[in-house]
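Next up is a structure, given as structure tokens.
The structure presented is a predicted model; accordingly, all values stated were derived computationally and were not measured. Throughout, residue positions are numbered sequentially from 1 according to the sequence presented.
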Amino acid sequence: MKPYLLLTPGPLTTSETVKEAMMTDWCTWDADYNVHIVEEIRKSLVALATTATDEYTSVLLQGSGTYCVEAVIGSVITPKHKLLILSNGAYGDRMGHIAEYHGINYDMLAFEETEQVSVDYVDDYLSNNSDITHVAVVHCETTTGILNPLKEIAHIVKLHNKKLIVDAMSSFGGVPLDMHELGIDFMISSANKCIQGVPGFGFIIARKSELLHCKGVSRSLSLDIYDQWETMEKGHGKWRFTSPTHVVRAFKQALAELEEEGGVAARHKRYCENHRILVEGMRALGFKTLLPDEFQSPIITSFLYPKAGFDFNSFYTQLKEKGFVIYPGKISQADTFRIGNIGDVHPEDFTRLIEVVQQTSY
């Protein structure tokens, strides 16, 4: 029995069958693991990302999603390039920190945390800064739960003939998109988000023609996405360094369960229904959402504190004792807390959550 449901943006609640998949040890030198698990995962990720599967490939990398974001920025942006980061939250800002660490030439267009990235601002900036070669943006900024207008951003970036890097950490597998249709060159996500695996590795889905330009660029050994990709290609799924075998096997099970559910469209529908029940129920109890509905993703929702003197820690503890774990807020301009809608959680769980919140003293 689960002691509580994780209503967070990841790690999140996983199915019993995903957890059970981790109960076997795997040898990393033969086809059972490399070909029949790792290579199948790599192909499945590309197929989830686009219908133009021949033009894209995937790289699996040990570590959290941030490892993969840093790996991409450090392996793609050369001294001849200039990166434009579009930020409206902590994860966009983190890309700036990564660029600083790597000594990368970059600019940042910063927006308020409660505002979407402005397509018009991006268009204007690219029109007046021809030295920009790459643009990076977070699709779903879980600082607040805001969903940036990726289709419109991608259209502008491609009109200006720039390369596009998308942090789709909290959206890939839960929000439908096609990399080829949007013109995305590199997309990054993690095992423990909408595909509903467990933490331990992330992945990059890349346009093959662009990945080939990454050879010899990275100044990090372990975060070199080209070298990792080349090793997996030549070794038919072999990792350069110790593979997180149990996590990888669990992820293969999670991918199978995504397919059984009906794919990304069906999972997106469930997440949207989770979100609808949550928001309607919380509003009926007097809570207000931080974001307007038109900016809100179905991934995670920020709620304003209901009154002065609201004790989040007490509220959190009471909910946890009754089987629900929520998240504190992450913005400076308002007192908020967050409730995630993703993972192995279902509409009936959110109906029960609303009943528990109603019984909670706050």
Sorted by chain and number, sequence neighbours left out, side-chain hydrogen bond (donor to acceptor under 3.5 Å, both in side chains) with N128 holds for D124
Sorted by chain and number, sequence neighbours left out, side chain to side chain contact (heavy atoms under 4.5 Å, CB included) with Q318 holds for S314, T360, S361
By side chain to side chain contact (heavy atoms under 4.5 Å, CB included), V217 pairs with (sequence neighbours left out) T78
Check your understanding: Less than 4.0 Å between a side-chain N and a carboxylate O, is that true for R42 and E39?
Key -> yes
- Side-chain donor-acceptor contact under 3.5 Å, N129 with D107: no
Across all chains, not counting sequence neighbours, the side chain to side chain contact (heavy atoms under 4.5 Å, CB included) partners of F312 are Y305, F310, Y316, I326, P328, F337
| query | Hey, is NZ on K208 packed in by over 12 heavy atoms from elsewhere, all under 6.0 Å? | reply | yes
More than 12 heavy atoms of other groups within 6.0 Å of F315 CZ:
yes
Exercise. Is it the case that E112 and T114 place a side-chain donor and acceptor less than 3.5 Å from each other?
Worked result: no
Q) Crowded around H97 NE2? As in, over 12 foreign heavy atoms under 6.0 Å? A) no
Hits for side chain to side chain contact (heavy atoms under 4.5 Å, CB included) against Q253, two or more places apart or cross-chain, chain-then-number order -> T17, V18, A21, R249, E257
Check your understanding: Using 4.0 Å as the upper bound for N to carboxylate O, is an ion pair formed by D185 and K162?
Key -> no
What one should report as the nearest heavy-atom pair of P298 and I342 is O-CG2, 4.4 Å
request  = Flag yes if more than 12 heavy atoms outside E233 fall under 6.0 Å of its CD atom; otherwise flag no.
outcome  = yes
What one should report as the nearest heavy-atom pair of S243 and V248 is OG-CG2, 4.2 Å
**Q.** Residues, nucleotides or ligands: over 12 heavy atoms within 6.0 Å of K151 NZ
**A.** no
Would you list the atom pairs, donor with acceptor, under 3.5 Å between side chains in residues 164-175 and any protein atom, with sequence neighbours excluded?
unit_1: D167; atom_1: OD1; unit_2: M169; atom_2: N; d: 2.9
unit_1: S171; atom_1: OG; unit_2: H139; atom_2: ND1; d: 2.8

Taking atom types as modelled, is there a side-chain donor on D344 or H346 under 3.5 Å from an acceptor on the other?
yes
Practice problem: May I ask you to say whether D293 pairs ionically with R283, meaning some side-chain N is under 4.0 Å from a carboxylate O? | Solution: yes
